[in-house]
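The residues of the chain are indexed from 1 along the displayed sequence.
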Amino acid sequence: MSRVTTLLQKGKRALQELELLKVLQSEIRHELANDPYKNETGSSGDFVMDWDSQHSKDVTMIKKCESGEELAISAILGEETFLGDDCYPKEVDMKVCIKKTGLTSILQFDCKVLDQGQDRIDFHIQNAYYLKSPIDFSSSVYRGPLFRNLDLGLQQELKQYLISRGIGKSLTNFLLLHLHKKEQHQYIKWLQKLEAMVA
């Protein structure tokens with residue numbers, strides 16, 4: 001009798017694994033066929049990709065300006081947001097660091113890139129910091145007031161400062177598109193690994 005029970009349990013487990021395999025294959029097909037950002041475009045402009053590992057979620061880009069400034073951007077997908085029935089991260093957390101040649105100080109901007117639908121992609125500065133040096137991160141160092149407490153004119157001019165250095169719609173479109181495609185690629189690879197393990 002125990003032999004029959006063992007065979008029934010093995011048969012039940014095989015059916016469950018077959019069902020799981022079918023669901024995994026269906027999800028892989030769905031992901032390959034559906035790309036919510038397939039018609040979107042953007043350009044990295046003068047920025048060059050510095051870090052884009054297939055094993056990480058983030059990217060970094062750099063740019064050297066004729067004025068002698070060096071810009072570095074790091075970006076990662078933010079929290080999930082909902083637009084209609086679609087749920088996927090439609091925002092990017094972006095840090096922009098600007099350094100002038102010969103100086104050790106850095107301006108750091110913490111920004112949020114938002115896809116508000118209907119080709120309305122914009123970025124907002126959340127914080128602006130002045131850092132005396134790249135290694136000066138102690139919590140006791142005064143970095144400046146909260147960005148939202150700054151005069152509105154100053155807030156707008158700081159945003160224009162970033163735009164004039166290439167942090168505009170084309171770059172933010174590029175980052176949003178690139179990071180979504182990167183995440184989708186990583187998800188499909190993960191599903192394929194599960195499929196291979198179950199099969």
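- Rounded to the nearest 0.5 angstrom, Gln192 CD and Glu27 CD are separated by 12.0 Å.
- Side-chain atoms of Ser105 do not come within 3.5 Å of backbone N or O of Leu131 as any donor-acceptor pair.
- Thr101 contributes a side-chain N or O that, together with a main-chain N or O of Gly68, makes up a donor-acceptor pair within less than 3.5 Å.
- In summary, Asp58 and Lys182 do not engage in a salt bridge, as defined by a charged side-chain N under 4.0 Å from a carboxylate O.
- Using a 4.5 Å cut-off between side-chain heavy atoms of Ile, Leu, Val, Met, Phe, Trp and Tyr, with links allowed through other members, Leu171 and Trp51 fall into different hydrophobic clusters.
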Derivation and outcome, side chain to side chain contact (heavy atoms under 4.5 Å, CB included), residues Leu158 and Phe109: CA-CA 9 Å; Leu158 286 170; Phe109 296 89; 4.1 Å; yes
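- In terms of hydrophobic clustering, with Ile, Leu, Val, Met, Phe, Trp and Tyr side chains grouped at heavy-atom distances under 4.5 Å, Phe47 and Tyr161 are assigned to a common cluster.
- Expressed to the nearest 0.5 Å, how far CD1 of Ile62 lies from CD of Glu70 amounts to 8.0 Å.
- Evaluated for a side chain to side chain contact (heavy atoms under 4.5 Å, CB included) with His178, the options Met61, Glu183, Met49 yield exactly one hit, Met49.
- We find the CG-OG distance between Asp50 and Ser74 to be 11.0 Å, quoted to the nearest 0.5 Å.
- Hydrophobic clustering (side-chain heavy atoms under 4.5 Å, transitive across Ile, Leu, Val, Met, Phe, Trp, Tyr) groups Ile163 together with Leu107.
- Residues Thr104 and Lys132 form no side-chain contact, since every pair of their non-hydrogen atoms from C-beta on lies 4.5 Å or further apart.
- Here the side chains of Met94 and Lys112 are not in contact, with every heavy-atom distance at 4.5 Å or above.
- In this structure, Val48 is not a member of the same hydrophobic cluster as Phe174, with clusters built from ILVMFWY side-chain heavy atoms closer than 4.5 Å.
- Asp122 has its side chain out of reach of Leu114: every pair of non-hydrogen atoms, C-beta onward, lies at least 4.5 Å apart.
- Judged by distance alone, the side chain of Asn149 and the main-chain N or O of Pro145 form no donor-acceptor pair under 3.5 Å.
- Rounded to the nearest 0.5 Å, atoms CD1 (Ile28) and CD1 (Ile188) are 8.0 Å apart.
- Side-chain contact between Ile167 and Ile73 is present, with heavy atoms from C-beta onward closer than 4.5 Å.
- Between Gly78 and Asp93, the closest heavy-atom pair is CA-OD2, 3.7 Å.
- Counting only heavy atoms from C-beta outward, the side chains of Tyr187 and Glu31 approach each other to under 4.5 Å.
- Side-chain contact between Leu175 and Val59 is present, with heavy atoms from C-beta onward closer than 4.5 Å.
- Note that CD of Glu91 is 13.5 Å distant from OG1 of Thr172, once rounded to the nearest 0.5 Å.
- Val92 has its side chain out of reach of Ile76: every pair of non-hydrogen atoms, C-beta onward, lies at least 4.5 Å apart.
- For CG of Asp110, the number of neighbouring non-hydrogen atoms (other residues, nucleotides, ligands) closer than 6.0 Å is greater than 12.
- With Ser26 contributing its side chain and Lys22 its backbone, the two residues share no donor-acceptor pair below 3.5 Å.
- A distance-only check finds a donor-acceptor pair linking the side chain of Gln186 to the backbone of Gln54 [under 3.5 Å].
- The closest donor-acceptor contact from the side chain of Lys159 to the backbone of Phe123 lies under 3.5 Å.
- With Gln155 contributing its side chain and Phe147 its backbone, the two residues share a donor-acceptor pair below 3.5 Å.
- Tested against Glu69, the residues Arg165, Lys64, Lys99, Lys63 include a single salt bridge (charged side-chain N to carboxylate O under 4.0 Å, His left out) partner, Arg165.
- Hydrophobic clustering (side-chain heavy atoms under 4.5 Å, transitive across Ile, Leu, Val, Met, Phe, Trp, Tyr) groups Ile98 together with Tyr130.
- Side chain of Ser170 to backbone of Ser43: a donor-acceptor contact under 3.5 angstrom is found.
- Atoms CG and CG, from Leu24 and Leu191 in turn, are 6.5 Å apart once rounded to the nearest 0.5 Å.
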